[in-house]
Novice: 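Dropping the structure in here first, questions after.
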Amino acid sequence: MEIASVIVDVPTKQTDRAFDYLIPEQWRGTIQPGMRVIVPFGPRHIQGFVVGLKTESEVKKLREIIEPMDLKPVLNQELLELGNWLTENTLCFKIFAFQVMLPAALKAKYEKKVRLANRRAAIELPSKLQAFFENDGELDWEEALKMGIGPMLQREAANGHLEVVYVVKERVRKKHRKFVRPTVSQNELKEALQSIPSKAEKQRQVLQYFLRHFNEVELKTLIDELKTSGSTIKALVERGLLAEFDKEVYRDPFEHRKFERTKPLPLTDAQVQAIGPILQSIEQGQHEVFLLYGVTGSGKTEIYLQSIQEVIEKGQEAIVLVPEIALTPQMVHRFKGRFGDLVAVLHSGLSAGEKYDEWRKIQRKEVKVVVGARSAIFAPFENIGIIIIDEEHETSYKQEEMPRYHARDVAIERAKTYNCPVVLGSATPSLESFARAQKKVYQLLSLPNRMNNQELPAVEIIDMREELRDGNRSMFSRKLFELLQDRLEKKQQAVLFLNKRGHSSFVMCRDCGYVVNCPNCDISLTYHRVNEQMKCHYCGYESYVPKNCPECNSEYIRYFGTGTQKVEEELGKILPEARVIRMDVDTTGRKGAHERLLSDFKDGKADILLGTQMIAKGLDFPNITLVGVLSADTMLHIPDFRASEKTFQLLTQVSGRAGRHQLPGEVVIQTYTPEHYSIELAGRQDFDLFYQREMLIRKLHHYPPFYYLALITVSHENLINVVSATEKMVNYVRSQVSDKAVVLGPAASSIPRINNRYRYQCLIKYKREPNLTQTLKTILDQYQKDTKSGLQVSIDANPVILM
DNA sequence: AGCACGCCGACT
DNA sequence: GTCGGCGTGCTC
């Protein structure tokens, strides 16, 4: 086995295959599939993944692997195979599939440098360059270019005076701390103690310390504890009694936090019913997908916890996915509280180094449970006993860049290999999952009631058109205002929810209706009060708010829409005595800010919590008795067939925040379209009826779950080119699929232009098309090979949002 | 993605 | 007759 097949870190069509390399003698037997290696590729050195070993290659002259980057594979056999599965199913490059399974810290960084080729070169170099290479110095290529000496260096490299080197760098260093340990036996230590001069009191203390704890200890701890200094230790090291050494330590994001240990709670009858089949599946090592459908507050988490308990007792591991964990510190608390140090947490709030450390705890089998966002589905466990996906319907489980995978699909794929159950939990399951449960593909487990049989909150839907007719032009209906006042008096808390989407404030002329758009993207600019500027969310373009309307020169140009800031202002006017905490991207940007704001609210430091999407989940405070949704229908008008579903889910989710404990809750939903079924049924918290209504519509329009989708998006600077290229693809797809499939397009994407590139798409709706994957691959092949056309083609084999 | 190789226009 | 423009194709 002296040859390794390597997938190199070059994401292009042409290099999307294994390249063979000779394993140098010294590494034979060490280099294994799943390791990262540094290999020469053309003139460069780059990172690659070993995917296989062999003794022969068709390629005649192989080059040698430079060196391995890992001592032990970072991808085990199962994950390597999962990588291939990802490649096939999402039509992405192999290298992307492997990289997505690892923490970002393991992705290589490259540096190009120039140094002297040999000793003599130093004097033969032009005098202008000599200074850069004194004492064997190296020069960074990027910097050299900035200094304008690039061509000069190139010349010297060509005539052999200089040498260009490519360095592959790790992104983060492992964290090390200094430790001290005794190097001799306890008895020898005792003897040494006698021989220490009495004036060296500190040295004696240190030795006594080691006699008490004959073990390694962190240098810092030792110094702190004995109130001594490094020099004392150094003296003992010189005497050969102690040794200092570096030891790798983990960055612990929860270092200074204690989690109170909790015991399993007694289950309600409904919970016992629901958990039974899960436990059975764990016990028998049988793969099965469960849809745990339970209303908000019905105790799904306790079912997760007790299932995991069973898995751990069986000596297996558990993966728990939550939508965005930084947003639900309560969830982390519950898991850490139950399983303590056996839990690793992976979420976007961690630094790359912290994520890497948590990942290594998993890799080294130091933890049994991982709780994390989407990418935690790739946790390198090797004996998975259960995979749980909470809030199963959340769109954030779908990655919207290559590889465009859905965590639910990956979960089921992994669970099949490990013969273990997958539990999908939600109060508002996605139509896909619920339909599968109806067809008995998934097993449905229901928790129809809240724990302790608390009532679901009473929901009132307010028609804002009527408010307007009655002369109320504020963003608060009279009913909501009244209830807010009431809660203030009762010293209870309220949550106000603002759907940010479609609500971001845009700048509009009140005379002619002109809206300021991004010059590069066909989308309105968002007003940011912080710097009084307008910004494009897609390309980052910024501009000042014009004084006069560019169209009609009117001076009545102002920003519209209700941002959270604006609501906060308004609240200040109508309820000046209310203490408000605002949660949005601006106030939660800093690390830990989110958690702090929530705990402030929990501690009663505010009466009203005002926020966007991010407060829709996980909030579970006993004193919240009122939830207000300021405008329910903004999401309804986005051009997506899931708009109704999203609206229903969001409203149900938000309503569930109220009255989860002793105090009964009330919910006010303000809307301009109260008659819409998704709003009306969310008000009645009637998922089943919503499901039936929505299914009819999906069937009628050939949408999931009745049909599968595939979306081709084409972009180019030139409108005509995009349309004609898309048209060609549409025709090609039509020629390849059966007449049962529906091929739509070319149609402008819902954001028709981003960064000056026009975007058109082709949507395919189908039930069974065995040829489709091949057809899509062919299209990608054609257009990815040909880079000169300037066309960009991206394919989503299972789009969640049609943008 | 980089980079080298290679074939045509504006200069010493 | 050479320098350098970026089109084309390769990297084990």
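All heavy atoms count here, side chains included; hydrogens, waters and symmetry mates do not. Chain identifiers are assigned alphabetically (A, B, ...) following the order of the sequence lines, protein sequences preceding nucleic acid strands; residue numbering begins at 1 within each chain.
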Novice: If we check side chain to side chain contact (heavy atoms under 4.5 Å, CB included) with A:Val39, which of these qualifies: A:Val50, A:Ile65, A:Asp9?
Specialist: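 Among A:Val50, A:Ile65, A:Asp9, the one that satisfies the side chain to side chain contact (heavy atoms under 4.5 Å, CB included) with A:Val39 is A:Ile65.
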Novice: Could you check how far CD of A:Gln14 sits from P of B:dA1, rounded to whole Å?
Specialist: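 The answer, rounded to whole Å, is 10 Å.
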Novice: Determine, stepwise, if the pair A:Phe378 / A:Phe98 fulfils ring-ring contact (aromatic ring centres under 6.0 Å, His included).
Specialist: CA-CA 10 Å; A:Phe378 298 112; A:Phe98 292 135; over 10 Å; no
Novice: Measuring centre to centre across the rings, with the benzene-like ring taken for any Trp, is A:Phe41 within less than 6.0 Å of A:Tyr21?
Specialist: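 No, the ring centres sit 6.0 Å or more apart.
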Novice: Return a single string for nucleotides 1-8 of chain C, one symbol per nucleotide in 5' to 3' order, where B is base contact, S is sugar-phosphate-only contact and - is none, cutoff 4.0 angstrom on heavy atoms.
Specialist: -------S
Novice: Which part of the nucleic acid does A:Arg63 contact within heavy-atom distance under 4.0 Å: base, sugar-phosphate only, or nothing?
Specialist: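 Answer is sugar-phosphate: A:Arg63 comes under 4.0 Å of backbone atoms only.
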Novice: I need the CZ-P distance between A:Arg17 and C:dT11, as an integer number of Å.
Specialist: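 My rounded result for the distance is 8 Å.
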Novice: Please state how far atom CZ in A:Phe96 lies from atom P in B:dA1, giving the value in whole angstrom units.
Specialist: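 Going from A:Phe96 (CZ) to B:dA1 (P), I get 8 Å.
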Novice: As a quick check of understanding, evaluate salt bridge (Lys or Arg N to Asp or Glu O under 4.0 Å) for A:Asp140 and A:Lys113, giving each step before the final call.
Specialist: CA-CA 5 Å; A:Asp140 190 80; A:Lys113 294 191 159 177; 5.1 Å; no
Novice: Within this structure, what is the CG-CG distance for the pair A:Leu91 and A:Asp796, rounded to the nearest 0.5 Å?
Specialist: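 Going from CG on A:Leu91 over to CG on A:Asp796, the span is 9.5 Å.
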Novice: Compare all side-chain heavy atoms of A:Ile23 with those of A:Glu64 and state whether any distance is below 4.5 angstrom.
Specialist: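 Answer no - side chains too far apart.
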Novice: Can you measure A:Lys107 atom NZ to B:dA1 atom C1' for me and round it to whole angstrom units?
Specialist: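 In whole Å, B:dA1 C1' and A:Lys107 NZ are 12 Å from each other.
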Novice: Quick one: closest heavy-atom pair of A:Ala344 and A:Glu358, and the distance?
Specialist: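 A:Ala344 and A:Glu358 have their closest heavy atoms at CA-OE1, 3.3 Å.
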Novice: To the nearest Å, how far apart are A:Gln154 CD and B:dC3 P?
Specialist: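 Distance check: A:Gln154 CD to B:dC3 P gives 9 Å.
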Novice: How close or far is atom P of C:dC12 from atom CG of A:Leu62, stated in whole angstroms?
Specialist: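 After rounding, the reported distance stands at 10 Å.
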Novice: Examine A:Arg408 relative to A:Tyr397 and say whether NZ or CZ is less than 6.0 Å from the centre of the six-membered ring and inside a 45° cone about the ring axis.
Specialist: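 Not flagged: A:Arg408 not positioned over aromatic ring of A:Tyr397.
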Novice: Using whole Å, report how far CG of A:Asp16 lies from P of C:dC10.
Specialist: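 Atom-to-atom, A:Asp16 to C:dC10, this comes out as 17 Å.
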Novice: May I ask you to say what A:Lys112 touches in the nucleic acid, namely base, sugar-phosphate or nothing, with a heavy-atom cut-off under 4.0 Å?
Specialist: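 Here A:Lys112 touches the backbone only, sparing every base.
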Novice: Is the phosphate of B:dA1 approached by A:Lys13 (side-chain N or O, under 4.0 Å from OP1 or OP2)?
Specialist: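 So the side chain of A:Lys13 is outside the cut-off, no N or O lying under 4.0 Å from OP1 or OP2 of B:dA1.
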Novice: I need the CD1-P distance between A:Ile46 and C:dC12, as an integer number of Å.
Specialist: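 Spelled out: CD1 on A:Ile46 to P on C:dC12 is 9 Å.
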Novice: Identify, residue by residue, the members of residues 18-25 of chain A with a heavy atom below 4.0 Å from DNA chain C, and return them in order of residue number, or none.
Specialist: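 Nucleic-acid contacts, sorted: A:Phe19, A:Asp20, A:Tyr21.
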Novice: Might you confirm whether atom CD of A:Glu366 has over 12 heavy atoms from other residues, nucleotides or ligands at distances under 6.0 Å?
Specialist: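 Correct, the count exceeds 12.
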Novice: Please pick, from C:dC12, B:dA1, B:dC3, the nucleotide with the shortest atom-to-atom distance to any side-chain atom of A:Tyr166.
Specialist: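 Given the options C:dC12, B:dA1, B:dC3, the side chain of A:Tyr166 is closest to B:dC3.
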